[in-house]
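Basis for what follows: all heavy atoms, side chains included, without hydrogens, waters or symmetry-related copies. Each chain gets a letter, A, B and so on, in the order its sequence line appears, and its residues count up from 1.
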Number of protein chains: 4
Amino acid sequence: MQGERRQQRGGNAGDQRRLQIVAVAEDLIAQKGFEGFRVREVADVVGINIATLHYHFPSKEALVAAVVDRIVGRLDQVPPLQESANLDPRTHLSRHMGVVLDQFDDNRQQFVVLNELNTRAVRDETVCETLAASDIAWREYLVEILRAGRDGGHFRADLDPEAAATLVIGFLRSLLFHPAASADTARRAADELLRCLTPPPL
Amino acid sequence: MQGERRQQRGGNAGDQRRLQIVAVAEDLIAQKGFEGFRVREVADVVGINIATLHYHFPSKEALVAAVVDRIVGRLDQVPPLQESANLDPRTHLSRHMGVVLDQFDDNRQQFVVLNELNTRAVRDETVCETLAASDIAWREYLVEILRAGRDGGHFRADLDPEAAATLVIGFLRSLLFHPAASADTARRAADELLRCLTPPPL
Amino acid sequence: MQGERRQQRGGNAGDQRRLQIVAVAEDLIAQKGFEGFRVREVADVVGINIATLHYHFPSKEALVAAVVDRIVGRLDQVPPLQESANLDPRTHLSRHMGVVLDQFDDNRQQFVVLNELNTRAVRDETVCETLAASDIAWREYLVEILRAGRDGGHFRADLDPEAAATLVIGFLRSLLFHPAASADTARRAADELLRCLTPPPL
Amino acid sequence: MQGERRQQRGGNAGDQRRLQIVAVAEDLIAQKGFEGFRVREVADVVGINIATLHYHFPSKEALVAAVVDRIVGRLDQVPPLQESANLDPRTHLSRHMGVVLDQFDDNRQQFVVLNELNTRAVRDETVCETLAASDIAWREYLVEILRAGRDGGHFRADLDPEAAATLVIGFLRSLLFHPAASADTARRAADELLRCLTPPPL
DNA sequence: CATGAATGAGTATTCATTCAT
DNA sequence: AATGAATGAATACTCATTCAT
């Protein structure tokens, strides 16, 4: 009976604090990388004692896991999925890439942390599987668009949807490598990719 | 007797030792990442005292810089550049991607370290500039091929060489994210990319 | 319904809870020793919050003191004292040692905790005095038996009752050192000790 | 070839330092017990940095193990064994107990640490075995004396040498429990024990 | 060139205790 | 009586770096 009310959606004071800690941790990982990530600094920024942080997250590993969940959780929310469902595939793909490029402009920190995550995935089985699961979902989403577009004549008739999905993902992923890249270069490449996939005018 | 053989290329015995240290360091960075990279472990594997290592490399930073130089130096040796110079651009590009994909199969460690380097570049100005320089050279090399191919009719007439170079680099770079990716998937994507760039049959 | 039964001996519900805490604490000291004894673990096993435990026992020291009282309180209940009062001294001593040896078989945990207590006594004045008081009572009890036995011809005429009491106590105490000792070895030694004290047959 | 000279008996500077650290550690264990034993305090007393201590002993456990070895090593040197070899068994046993009682007077710290060791042995398999090995050697030594004494008429004819050895060891061991015991009480008990074992005058 | 020994600053984690509710 | 959250002071251990030999 006790504390029943508190088990709602993050309304609890404790949950609130945990969210705060994870948010700060993500910031710090973006700034310093996993290499320079210190739990003590998280506690300092949040303004709590290091022991309090360990009360909420029993170990550094647990805190990192929470950060990973948070990041991947955001990845899985592909915003245009629902709204653009009834667009023609080419426009759909165009908007999808546009959304990612916008995020690249507006929230570059997220990309930096994703880069950290990718590097960590090489040696952390858990992170690797988490990222792989997210990757598969994204790939399937793209393959569906590309196949529908090919069959509907919006894309080249000889298009290999899975291979093309690899290209789209590869291109978008490679943005992670260019924290200083100009958005313009990226948009030109996205346009070129769309032309690549589009059938030639007769 | 000792060190007699060492008087070959690479200079004196000291240079030889330095090369050995850098090689071990690269191995360890590939295994543990920068996060788990310890100078003491380098010394242990080489079989020398930690103080001796510091005699050759005054600081960890200096050792890491040497490793970075070694890796980037290898990057800049694009093997097919010379030999394939007089091939037609489409075959040239195809072979270039093939070479990289072969390296991905045979020497994945190099890709892992490159991934580490990319992540570090976000916070290390020196590494960032070193990688950027290598990147520009690669890009120019590809742009040249793509432009020649477009003008010679091997590639689509409406091709944007610079944007296409971004796509090629992006695709190849994204391999770093898939340490477990099947080589087959990558080759299918490379083929698709070539089809993308090729003009449609009339 | 709740707490109804609890209104028996031991007073109110609070006393009941305190008894429960002390019992768990003794168990844990037996398992982990004073070195590995944690108040938090006591609270966890009892199933209460650590703050609740501190409500009942203001400090770790207070809880330990309660455990010590509990253990020494049990020591002072020498069961055969009353029932065997009118036995001949030799049988009396034999039964006394038998009772202790039986406890050694049946309730070895108690011996383990006593060992912890003895070690702590070196540095804790309070524990030392508590144990010393218990010791003196035991010693006097044995001296009485031995003196009566000597004067009544059951033991050797040249027996030094106090020295013999030291031997009996020393032997029984030394059982603490042998958590893995066979009961048989101990009983053989007890028999030998009795023979030692008994006058030779004429 | 290098440093060959240094591998002699503890003459090396490093060995010297290790001996010093172990000696200080033993002192501190005697003063504070294992419960209050801190590696940092060892370093402080020795006058070295905590990292230097960890250079010589990689972990607290390793340091404790070295202390245990040192203590048990001393236990195994039963001084009177050689010199008293040709004494009659009764005098031999008397002197043996005398030596232990003298140590009890002169070097009580050693007994305190032994007490700590005994308590730790309950939970530490290694310490338990080490102590057990030392115990067996001591027991065999005593059994030999007692058997020879019985067969030679110095001790009672119905003496059980192994049981009597248990009594002697038990008595001497029980001294550990009485850090404040008067030496006089102990000597009276030792005398009584000798009388116990001696055959009655005809 | 090479080494054993040493160190300062840090690094995650622990634990008894306290306090507002 | 009971609890979730918080804290100060420790605690073992690590790591790059230095120095005398």
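If you check every strand for non-hydrogen atoms under 4.0 Å, B/F57 touches nothing. Nucleic acid contact for B/R40: base, since at least one base atom lies under 4.0 Å from a heavy atom of the residue. Using a 4.0 Å heavy-atom distance criterion, C/I48 is classed as a sugar-phosphate-only contact.
Residue pairs meeting the side-chain hydrogen bond (donor to acceptor under 3.5 Å, both in side chains) criterion with at least one member in residues 59-68 of chain A: none, sequence neighbours excluded.
Taking the nucleotide of DNA chain E with the nearest heavy atom to each of D/A51 and B/N49, the more 5' of the two is matched to B/N49.
The interatomic distance linking C/E41 (CD) with E/dT14 (P) rounds to 13 Å, in whole Å. Atom CD in A/E61 sits about 19 Å away from atom P in E/dT11, given to the nearest Å. A/R38 places its CZ atom 11 Å from the P atom of F/dC15, with the value rounded to the nearest Å.
Taking a cutoff of 4.0 Å between a charged side-chain nitrogen and a carboxylate oxygen, C/K32 and C/E41 qualify as a salt bridge.
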Start with the C-alpha distance between B/V112 and B/Q31, add both sets of side-chain angles, then the distance that settles side chain to side chain contact (heavy atoms under 4.5 Å, CB included), and finish with yes or no.
CA-CA 9 Å; B/V112 172; B/Q31 281 172 40; over 6 Å; no

For A/R74 and A/I71, run side chain to side chain contact (heavy atoms under 4.5 Å, CB included): C-alpha distance rounded to whole Å, both residues' side-chain angles, the deciding distance at 0.1 Å, then the answer.
CA-CA 5 Å; A/R74 259 195 319 243; A/I71 294 167; 4.1 Å; yes

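The nucleotide whose nearest atom lies closest to any side-chain atom of A/K60 is, among E/dT13, E/dT17, E/dA6, E/dT13. Among F/dA2, F/dA16, E/dA5, the nucleotide with an atom closest to any side-chain atom of C/H56 is F/dA2. Listed candidates were E/dA12, F/dT17, F/dC13. Nearest to the side chain of B/I50 is F/dT17. Minimum atom distance to the side chain of C/T52 is reached by F/dA2, of the listed F/dC13, E/dA6, F/dA2.
Across every strand in view, F/dA1 sits unpaired, with no contact that passes the Watson-Crick or G-U test at under 3.5 angstrom.
Neither OP1 nor OP2 of F/dC15 sits under 4.0 Å from any side-chain N or O of D/H54. The side chain of A/Y55 contributes an N or O atom lying less than 4.0 Å from OP1 or OP2 of F/dA5.
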